[in-house]
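Every value quoted in this text rests on a predicted model; they were computed, and no experiment measured them. Just so we're on the same page: letters track the sequence lines, and every chain starts at 1. Note: hydrogens, waters and symmetry copies are ignored here, and every other heavy atom, side chains too, is used.
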Amino acid sequence: MSLRIVVCVKYVPDATGDRHFADDLTVDRDDVDGLLSELDEYAVEQALQIADEADDAEITVLTVGPEDAKDALRKALSMGADKAVHVEDDDLHGSDVMATSLVLAKAIEKTGYDLVIAGMASTDGGMGVLPAILAERLGVPQVTLLSEVSVEGGVVKGRRDGDTASELLEASLPAVVSVTDQSGEARYPSFKGIMAAKKKPVESLDLDDLDIDADEVGLEGSWTKVDSATERPARTAGTIVKDEGEGGKQLAEFLAGQKFI
Amino acid sequence: MAEVLVYVDHVDGAVRKPTLELLTLARRVGEPVAVALGSGAEATAAVLAEHGAVKVLTADAPEFADYLVVPKVDALQAAYDAVSPAAVLVPSSAEGKEIAARLAVRIGSGIITDAVDLEAGDEGPVATQAVFAASYTTKSRVSKGTPVITVKPNSAPVEAAPAAGAVEALAVSFGEKSTGTKVVSRTPRESTGRPELTEAAIVVSGGRGVNGAENFHVIEELADSLGAAVGASRAAVDAGWYPHSNQVGQTGKSVSPQLYIASGISGAIQHRAGMQTSKTIVAINKDAEAPIFDLVDYGVVGDLFAVVPQLTEEVKARKG
């Protein structure tokens, strides 16, 4: 039987660009280019490797986001995912993690799955809680923050490197997995992959398709509210000296003045 | 006054510093009721009471160690049901955030992670966060359910505030889902004897400029002279010069020490995301154009292999 893998990806503003908030205190997407969150590339990569090891597997890449978020799906398809699902609805604008996870969980259930894979965190919100929330919502085991992952005989195994210990974990499918940037370098799409991606199916879903009310999501329906966002003032220019043989001593003098020594 | 649940991060009864900081913040929004789980839970009571816990709810069972995260969520939910708190606060560790998030789903509440400050507001606690690589500061609150908030280390001072801290056993019944993810084995991280990276008051980090694992002792010696933790940039970790557990940055650890010393680190956005909220920032780099110098309070343009050992000697001499 085919192993059904759903990879959750996010379309995020480029972290190397100048990111800002819009007037409604949501992320300003007009000011900076968007792309597939770098940490989700590791999730796509692990999905591809797990699919390679399986007799028969199908990878669906899933995102919730505006029209442009199709770019993130295309990137994942060009890496080798088989098909894509795009949940897009004007009422989703401003959804927080609880609202977004509700939509993802419904879309995952609708798509059908044995394994859900996500990155360890997004590179914009960076909360790192979505995979655990999905596991809770779907009622399946979470096998999260893995630096190594494998699937065999309906069991997912992985290594989780925590603050105080490294753990080997194991759970039966279906399950939710998240992987860290230590799981293995993500492949670059080949020219052939990029061409093939253009022909792969992208299914569009809206809130009606998922049986979700507009007031459960979006800015107003979210579980949290941002009251203010203030740009951090530029640091006042520090003292910069050129080392001419006494740089270490001068630095020690500075640290002593600040009472660090 | 309303009660506030505080999830206790401890290792065999030794309470980790971020939990004590959390008690300082919890007292601003209510009366802290601590929840300590697993081996040594009862041993945490004295230090929690000293820092303001009016009550300490404890539970131990093999499930907490043998299965991932969910048994702890079951226990925190039992505490939530017993107390009906005004808020639930959890330290922002990887596991802490997952526990908080799953609890939030169960109790129908919103969640805020990685707060760097917390204050009481008219509509519940208001959390301050540093976002977009700390280029913005936001103030947010939970608008549905009981606020569940995780707080980063070094967000508040540890303050003594003696309270009753009466220990009560917490009755926990584990759901069938709690044994879904088995911990097959656990290898404790070897202690370096240095402070934990996210908790340290001073962090000394090395990057590409360290140019090899064999040179990292230069960074370690400076760290040891200052009683600091050692960090590394992604470039240094990806090159295999230093363990990933010491990586500072977007995909590693986020630190906010009193003093951050970056050596041989250019200051790419990935790294800045993990250290930009440090109180005082110092950099040593050969390249005068390195973006890290835009962030510094004090920078030395020079060879780290000349500057860092000289600084180490000077620190040792001044400390006698």
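- When each of Ile112(B), Val131(B), Leu295(B) is checked for heavy-atom pairs under 4.5 Å with chain A, Leu295(B) comes out on top.
- Contact annotation for Ser122(A): only backbone heavy atoms (N, CA, C, O) come within less than 4.5 Å of a heavy atom of chain B.
- In this structure a side-chain-to-backbone donor-acceptor pair under 3.5 Å is missing from Asp213(A) to Asp215(A).
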Between Arg141(B) and Asp227(A), does a salt bridge (Lys or Arg N to Asp or Glu O under 4.0 Å) hold up when you go through it step by step?
-> CA-CA 8 Å; Arg141(B) 61 196 157 79; Asp227(A) 287 329; 2.8 Å; yes
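- Using a 4.5 Å cut-off on side-chain heavy atoms (C-beta onward), Thr180(A) and Tyr42(A) make no contact.
- Note: Glu314(B) leads Gln270(B), Glu313(B), Glu314(B) in heavy-atom pairs under 4.5 Å with chain A.
- For a residue to count as touching a neighbouring chain, one of its non-hydrogen atoms must lie under 4.5 Å from one of that chain's; by this rule Ala306(B) touches chain A with the side chain only.
- Taking the six-membered ring for Trp and thresholds of 30 and 60 degrees, Phe21(A) and Tyr136(B) have ring planes more than 60 degrees apart, a perpendicular arrangement.
- Of the two parts of Ser109(B), only the backbone, made up of N, CA, C and O, holds a non-hydrogen atom closer than 4.5 Å to a non-hydrogen atom of chain A.
- With a threshold of 4.5 angstrom between heavy atoms, Val105(B) approaches chain A through its backbone and through its side chain.
- Using a 4.5 Å cut-off between heavy atoms, Val97(A) contacts chain B through its side chain alone, with no backbone atom that close.
- Both the backbone and the side chain of Leu169(A) come within contact range of chain B, each with at least one heavy atom under 4.5 Å from a heavy atom of that chain.
- Most heavy-atom pairs under 4.5 Å with chain B, from the set Ala132(A), Gly126(A), Pro131(A): that is Ala132(A).
- Panel note: side chain Gln310(B), backbone Gly248(A); a donor-acceptor pair is recorded below 3.5 Å.
- Atom CG of Asp74(B) and atom OG of Ser178(B) lie 5.0 Å apart (nearest 0.5 Å).
- For Leu226(B), the part lying near chain A is the side chain, with the backbone staying farther off; criterion is any non-hydrogen pair under 4.5 Å.
- For a residue to count as touching a neighbouring chain, one of its non-hydrogen atoms must lie under 4.5 Å from one of that chain's; by this rule Val142(B) touches chain A with backbone and side chain alike.
- If you measure heavy-atom distances from Arg272(B) to chain A, you find no contacts under 4.5 Å at all.
- Put simply, of Asp297(B), Ile269(B), Thr312(B), Thr113(B), the one with the most heavy-atom pairs under 4.5 Å next to chain A is Asp297(B).
- Residue with the most contacts toward chain B among Asp243(A), Val226(A), Asp181(A): Asp181(A) (heavy-atom pairs, distance under 4.5 Å).
- Taking Met98(A), Gln182(A), Glu185(A), Lys157(A) one by one and counting their heavy-atom pairs under 4.5 Å with chain B, the maximum is reached by Gln182(A).
- Atoms CD1 and NZ, from Ile111(B) and Lys144(B) in turn, are 15.0 Å apart once rounded to the nearest 0.5 Å.
- Looking only at side-chain heavy atoms (C-beta outward), Val151(A) and Leu115(A) come within less than 4.5 Å of each other.
- Residue Gln46(A) holds its CD atom at 11.5 Å from OG of Ser178(A), rounded to the nearest 0.5 Å.
- For a residue to count as touching a neighbouring chain, one of its non-hydrogen atoms must lie under 4.5 Å from one of that chain's; by this rule Asp161(A) touches chain B with backbone and side chain alike.
- A donor-acceptor pair under 3.5 Å is absent between the side-chain atoms of Glu41(A) and the main chain of Ala186(A), judged by distance alone.
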Show the numbers, then the answer: is there a salt bridge (Lys or Arg N to Asp or Glu O under 4.0 Å) between Glu196(B) and Lys17(B)?
-> CA-CA 10 Å; Glu196(B) 162 67 24; Lys17(B) 188 163 148 266; over 6 Å; no
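- Of the atoms belonging to Glu38(A), it is side-chain heavy atoms, and not backbone ones, that fall under 4.5 Å from chain B.
- Proximity to chain B is absent for every atom of Ala175(A), based on heavy atoms less than 4.5 angstrom apart.
- Using a 4.5 Å cut-off between heavy atoms, Lys279(B) touches chain A through its backbone atoms (N, CA, C, O) alone.
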Between Arg16(B) and Asp9(B), does a salt bridge (Lys or Arg N to Asp or Glu O under 4.0 Å) hold up when you go through it step by step?
-> CA-CA 6 Å; Arg16(B) 298 179 71 184; Asp9(B) 187 5; 3.6 Å; yes
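- Of the listed residues (Asp114(B), Ile202(B), Thr251(B), Val69(B)), the greatest number of heavy-atom pairs within a distance under 4.5 Å of chain A belongs to Thr251(B).
- In this structure, chain A has heavy atoms under 4.5 Å from both the backbone and the side chain of Lys97(B).
- Interface remark: of the candidates Leu102(A), Ile133(A), Thr16(A), Asp163(A), Asp163(A) forms the most heavy-atom pairs closer than 4.5 Å to chain B.
- Once rounded to the nearest 0.5 Å, the distance linking CG of Leu68(B) with CD of Glu98(B) reads 6.5 Å.
- Lys177(B) places a side-chain N or O within donor-acceptor distance of the main-chain N or O of Gly139(A), the cut-off being under 3.5 Å.
- Heavy-atom distances place both the backbone and the side chain of Leu311(B) under 4.5 Å from chain A.
- Contacts of Glu244(A) with chain B are absent, with no heavy-atom separation under 4.5 Å from either backbone or side chain.
- Distance check, rounded to the nearest 0.5 Å: CG of Leu103(B) to CD1 of Ile107(B) gives 4.0 Å.
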Can Lys225(A) and Asp96(A) be said to form a salt bridge (Lys or Arg N to Asp or Glu O under 4.0 Å), step by step?
-> CA-CA 9 Å; Lys225(A) 183 150 180 40; Asp96(A) 72 353; over 6 Å; no
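- Most heavy-atom pairs under 4.5 Å with chain B, from the set Thr144(A), Val156(A), Leu130(A), Val27(A): that is Thr144(A).
- For the pair Lys319(B) (side chain) and Ser225(B) (backbone), a donor-acceptor distance under 3.5 Å is present.
- In terms of non-hydrogen atom pairs under 4.5 Å with chain B, the most contact-rich of Val140(A), Val143(A), Thr123(A), Asp18(A) is Thr123(A).
- For Arg159(A), no part lies near chain B; criterion is any non-hydrogen pair under 4.5 Å.
- Using a 4.5 Å cut-off between heavy atoms, Ala104(B) contacts chain A through both its backbone and its side chain.
- Although no hydrogens or angles enter the test, the distance criterion places a donor-acceptor pair under 3.5 Å between the side chain of Lys253(B) and the main chain of Ser245(B).
- The contact between Gln258(B) and chain A is made by backbone and side chain atoms together, counting heavy-atom distances below 4.5 Å.
- Both the backbone and the side chain of Glu170(A) come within contact range of chain B, each with at least one heavy atom under 4.5 Å from a heavy atom of that chain.
- With rounding to the nearest 0.5 Å, the separation of CG in Asp124(A) from OH in Tyr11(A) is 11.5 Å.
- With a 4.5 Å cut-off on non-hydrogen atoms, Ser222(A) touches chain B through its backbone but not through its side chain.
- Contact of Met127(A) with chain B is made through backbone and side chain together, with heavy-atom distances under 4.5 Å.
- Using a 4.5 Å cut-off between heavy atoms, Leu259(B) contacts chain A through both its backbone and its side chain.
- Contact of Glu95(B) with chain A is made through backbone and side chain together, with heavy-atom distances under 4.5 Å.
- The closest donor-acceptor contact from the side chain of Thr239(A) to the backbone of Tyr298(B) lies at 3.5 Å or more, if one exists at all.
- Proximity to chain A is absent for every atom of Ile99(B), based on heavy atoms less than 4.5 angstrom apart.
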